[in-house]
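Just so you know, these numbers use all the heavy atoms, side chains as well, and skip hydrogens, waters and symmetry mates. Everything quoted here is computed from the prediction, not taken from an experiment. Both counts, for ligands and for their atoms, begin at 1 and track the order of listing.
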Amino acid sequence: MRNAPPLMSLNEALSCLLTAAEERPTIDTVYDTVYMPTIIANRRILASNLTAPINVPSFNSSQMDGYALKASDAIATGKTLLPISQCIEAGHIGVPLQPGTAARLFTGAIIPVGADTVVMQEDCEVVLTAEGSAIRLLHIPQAGEWTRYIGEDIRQGSIILSAGMRLRAQDLALAASVGFAVLPVKRPLKVAIFSTGDELIMPGETLTDGAVYNSNRFLLTALLENLGCEIHDFGISPDTLEATRTALKHASQQSDVVITSGGVSVGGKDYIKPALQAEGCLRLWQIAIKPGKPLAFGEIGSSFFIGLPGNPVSSFVTFLLLVRPFLLRLQGVVDVAPPSYSIRADFFWPKAGTRVETRNEFLRVRRNIDGGLDLYPNQGSAVLTSLVWGDGLVDNPPGTQINQGDWVKFIPYSEVI
Ligand code: AMP
Ligand code: MG
């Protein structure tokens with residue numbers, strides 16, 4: 001161990017993956033753009049900038065139920081009694097305002113030509129006169145009050161959404177508000193997955209001695225679905241070199257990226273590394289993080305390959321830190337790194353024992369009601385309950401002791417899952 005070369009840091013590994021994603025030749029071509037109805041484009045990645053074809057609002061409109069008038073009619077003359085000359089509902093067009101009168105109108109209705117101000121109905125009284133109805137202003141309005149002006153929200157010709165962003169509910173609403181029924185988005189990435197391990201069985205099967213239920217399949221499927229990927233599941237591969245090579249070959253033929261779990265460490269039955277070297281090339285192996293050290297990255301034919309560790313917590317952590325940014329960057333997303341926040345640790349975390357810890361640790365924690373972080377007592381890399389209990393990770397630099405009250409870097413799951 002003493003003579004082993006230093007492991008690659010997380011940052012180096014991440015930049016290696018992101019560079020590989022950017023250099024991928026085909027992903028930015030027009031062939032990777034599809035047009036999708038706006039109503040189902042949630043979480044898709046916008047393929048080109050969207051320019052507003054119209055102003056929003058596209059006409060001057062009322063923000064309130066009330067009365068439209070010309071402010072100078074009320075201000076200059078001090079007149080507070082204005083006859084109601086017309087009624088305009090939302091979606092209807094009125095006639096030009098007769099000078100010295102007010103138009104009854106409702107929220108969203110067009111302000112008629114000749115009016116420049118809206119007085120909300122709570123600020124006036126309706127009175128009956130010999131000619132009909134009139135309003136008495138309870139205060140003199142400011143010109144322009146309660147008016148939404150043409151183009152106030154969006155100017156025609158401005159860029160409203162940028163290429164490379166993941167579309168959220170509010171983005172879809174904005175696109176719809178300027179009339180886009182379909183949107184140019186990146187086609188979903190095709191991701192092939194399989195698990196390795198002779199010990200693995202599927203939920204529904206009877207647990208025999210030494211068998212382990214395949215939880216990583218469920219973990220990866222859900223994480224990839226959240227990212228909008230098209231998943232091709234190749235099941236479980238037994239721990240032999242031949243079977244692993246065959247599975248890698250098949251999986252790579254139908255996908256942009258192959259992701260596996262397990263078999264990537266240094267055990268006698270870990271065949272991912274030699275199988276990848278036989279079928280393609282290995283670009284990176286082992287990273288200075290804990291959990292998640294045994295990670296492999298490379299290529300097979302025209303597919304990328306990522307081998308995740310078998311321990312479920314290691315798979316989860318490496319997915320969030322490396323796989324997610326990689327898959328997003330493959331689709332042209334700019335901001336891919338998990339955001340982190342400075343939060344107070346309400347726990348003690350000792351320096352690693354006698355050996356100097358050179359790995360960046362990711363601790364499973366939970367925010368408490370005092371605004372600090374609590375630590376899950378069992379930080380083992382097989383302990384899935386630590387992930388379910390917690391709501392994020394502490395990014396702890398190598399060999400760093402954490403004392404109660406220290407400020408640490410917290411990555412909330414809510415921003416990356
Ligand atoms: P490996 O990386 O193959 O050496 O596996 C490390 C540990 O993770 C072993 O205890 C495996 O049984 C476990 N493991 C591997 N793959 C899975 C999986 N798909 N689901 C749950 N546990 C797994
Ligand atoms: Mg294994």
Check: every ligand 1 N/O to protein N/O pair under 3.5 Å:
residue  : atom   : partner : partner atom : Å
ligand 1 : 2 (O)  : Gly310  : N            : 3.1
ligand 1 : 3 (O)  : Gly263  : N            : 2.8
ligand 1 : 8 (O)  : Gly310  : O            : 3.4
ligand 1 : 8 (O)  : Asn311  : N            : 3.2
ligand 1 : 8 (O)  : Asn311  : OD1          : 3.4
ligand 1 : 12 (O) : Glu199  : OE2          : 2.5
ligand 1 : 14 (N) : Gly310  : O            : 3.3
ligand 1 : 19 (N) : Asn214  : OD1          : 2.7
ligand 1 : 19 (N) : Asn216  : ND2          : 3.4
ligand 1 : 20 (N) : Ser215  : N            : 3.2
ligand 1 : 20 (N) : Asn216  : N            : 3.4

Going by the rule salt bridge (charged side-chain N to carboxylate O under 4.0 Å, His left out), which residues pair with [X] if we only count those two or more places apart in sequence or in a different chain?
X      : answer
Lys190 : none
Arg245 : Glu279
Arg43  : none

Margin query: Using the rule given for salt bridge (charged side-chain N to carboxylate O under 4.0 Å, His left out), can you reason through Arg187 versus Asp32, listing the C-alpha separation, both sets of side-chain angles and the distance that settles it, and then say yes or no?
Written below: CA-CA 5 Å; Arg187 69 162 172 81; Asp32 286 318; 2.8 Å; yes

Item checked: Within the 6.0 Å centroid threshold, strictly below: Phe316 and Phe362 -> no

Notebook entry, point to check: Going by atom types only, do Asn214 and Ser195 share a side-chain donor-acceptor pair under 3.5 Å?
Noted result: yes

